[in-house]
Amino acid sequence: NTNSENSKLVVEKVRQAITSEKEKLVGLSSEKEYNTILQIVNIIDQTLMVKTQQYLGVYPTSRDKFMADNVIWAKGFFGDSNLTICAHNVHVDKTLDNFMGKYLSTKFGNDFKSIGLSVGEGTFEAFNPKLNNTLTTFNIPSQVKTEFGNALFTEAIAENFFVKTA
């Protein structure tokens with residue numbers, strides 16, 4: 001796995017170069033811009049870790065932790081403003097361990113609201129454990145429309161709507 005090790009070393013060198021020149025970089029721009037650049041380096045590092053796990057055929061459980069960490073960073077970066085994050089139901093579920101929703105629910109408590117999304121037909125991309133966790137396009141068969149929740153939503157007159165469950 002030499003490529004990923006080399007990539008990791010390059011990212012670490014970039015991070016060190018940025019942090020060692022913090023005062024100069026902030027002087028040429030701003031603290032906010034410096035923090036943004038450092039966060040971009042963190043996201044590159046996170047991506048390399050997830051891709052390495054996928055390459056090794058392991059489901060990247062760190063992915064949702066990284067997503068949560070990035071939301072928490074954004075919340076701090078933007079201050080008191082509200083954030084809206086769109087993600088698949090599984091990622092925003094507040095009860096599933098090792099998923100973004102649980103991390104965010106633990107961090108923000110009642111200030112974290114989760115909105116579930118559903119579809120009746122089409123395609124989506126996800127990591128396929130049957131194909132060494134490669135990103136795969138999946139088709140949603142029209143039969144999905146007959147399942148209870150999807151059937152109910154498919155027959156709705158309004159194209160978009162909310163159902164309050166709690």
Side-chain angles (χ1 to χ4, degrees), residues 1-119 122-140 160 162:
N1 214 359
T2 307
N3 284 343
S4 88
E5 290 168 2
N6 289 340
S7 298
K8 184 91 173 141
L9 288 173
V10 169
V11 170
E12 200 47 50
K13 284 182 182 180
V14 169
R15 186 187 334 274
Q16 287 173 358
I18 291 169
T19 55
S20 69
E21 297 290 333
K22 178 180 180 179
E23 190 174 311
K24 180 180 177 184
L25 293 170
V26 169
L28 292 169
S29 58
S30 68
E31 184 82 27
K32 205 166 195 170
E33 192 164 328
Y34 170 82
N35 288 331
T36 301
I37 291 167
L38 203 53
Q39 180 63 10
I40 290 168
V41 173
N42 290 337
I43 291 170
I44 292 168
D45 194 23
Q46 293 168 356
T47 302
L48 287 170
M49 284 187 254
V50 168
K51 290 296 182 188
T52 299
Q53 289 174 328
Q54 290 170 339
Y55 176 78
L56 297 172
V58 177
Y59 180 80
T61 55
S62 59
R63 183 171 172 242
D64 273 82
K65 176 70 169 102
F66 293 150
M67 288 191 290
D69 289 345
N70 294 330
V71 169
I72 292 165
W73 178 87
K75 180 71 175 145
F77 184 81
F78 292 110
D80 280 340
S81 61
N82 292 323
L83 297 177
T84 301
I85 289 74
C86 295
H88 183 272
N89 289 346
V90 170
H91 295 295
V92 296
D93 190 307
K94 296 178 183 182
T95 63
L96 296 174
D97 290 335
N98 300 318
F99 281 90
M100 178 178 62
K102 178 78 175 233
Y103 292 121
L104 295 177
S105 181
T106 300
K107 172 74 176 172
F108 297 117
N110 289 333
D111 289 337
F112 173 67
K113 307 292 186 227
S114 176
I115 299 174
L117 304 174
S118 180
V119 296
T123 61
F124 68 94
E125 288 187 335
F127 296 108
N128 188 344
K130 294 178 182 175
L131 296 175
N132 203 26
N133 287 313
T134 56
L135 192 61
T136 305
T137 300
F138 293 89
N139 290 313
I140 302 169
N160 298 301
F162 291 94

### Query
Would you call the rings of W73 and F77 parallel, tilted or perpendicular if under 30° counts as parallel and over 60° as perpendicular?
parallel
### Query
Between D45 and V41, is there a donor-acceptor pair closer than 3.5 Å when you use the side chain of the first and the backbone of the second?
no
### Message
Are M100 and I85 packed together at the side-chain level, in the sense that at least one heavy-atom pair is separated by less than 4.5 angstrom?
### Response
yes
### Message
Parallel, tilted or perpendicular: which one describes the rings of F138 and F124, with boundaries at 30° and 60°?
### Response
parallel
### Query
Would you say K102's side chain and V92's backbone share a donor-acceptor pair under 3.5 angstrom?
no
### Query
Rounded to the nearest 0.5 Å, what separation is found between the CD1 atom of I37 and the OG1 atom of T19?
12.5 Å
### Query
S20 and A17: which non-hydrogen atoms are nearest, and at how many Å?
OG-O, 3.1 Å
### Message
Rounded at 0.5 Å granularity, tell me how far CG in L48 sits from CD in E12.
### Response
11.5 Å
### Side-chain donor or acceptor of K94 paired with backbone N/O of F112 under 3.5 Å
yes
### Message
Determine whether a donor-acceptor pair (N or O, by modelled atom type, separation under 3.5 Å) exists between the side chain of D93 and the backbone of N89.
### Response
no
### Query
Tell me, do N98 and D64 make a side-chain contact under 4.5 Å, heavy atoms counted?
no
### Summary
On a heavy-atom basis, the closest approach of N70 and Q46 is ND2-OE1, 2.9 Å
#### Entry: Partner set under salt bridge (charged side-chain N to carboxylate O under 4.0 Å, His left out) for K65, not counting sequence neighbours
D69
### Under-4.0 Å salt bridge between E5 and K8
no
### Message
Atom CD of residue position E23 - does it have more than 12 heavy atoms of other residues, nucleotides or ligands inside 6.0 Å?
### Response
no
### Summary
Output for pair (F66 CZ, N42 CG), nearest 0.5 Å, gives 9.5 Å
### Message
Measuring from atom NZ of K75 to atom CG of D111, what distance do you get when rounded to the nearest 0.5 angstrom?
### Response
7.5 Å
### Separation of H91 NE2 from Y103 OH (nearest 0.5 Å)
12.5 Å
#### Entry: Which atom of V71 lies closest to which atom of L83, heavy atoms considered
O-CD1, 3.8 Å
### Message
Around atom NZ of K107, are there more than 12 heavy atoms from other residues, nucleotides or ligands closer than 6.0 Å?
### Response
no
#### Entry: Pairwise distance CZ(R63) to OG1(T47) - rounded to 0.5 angstrom
10.0 Å
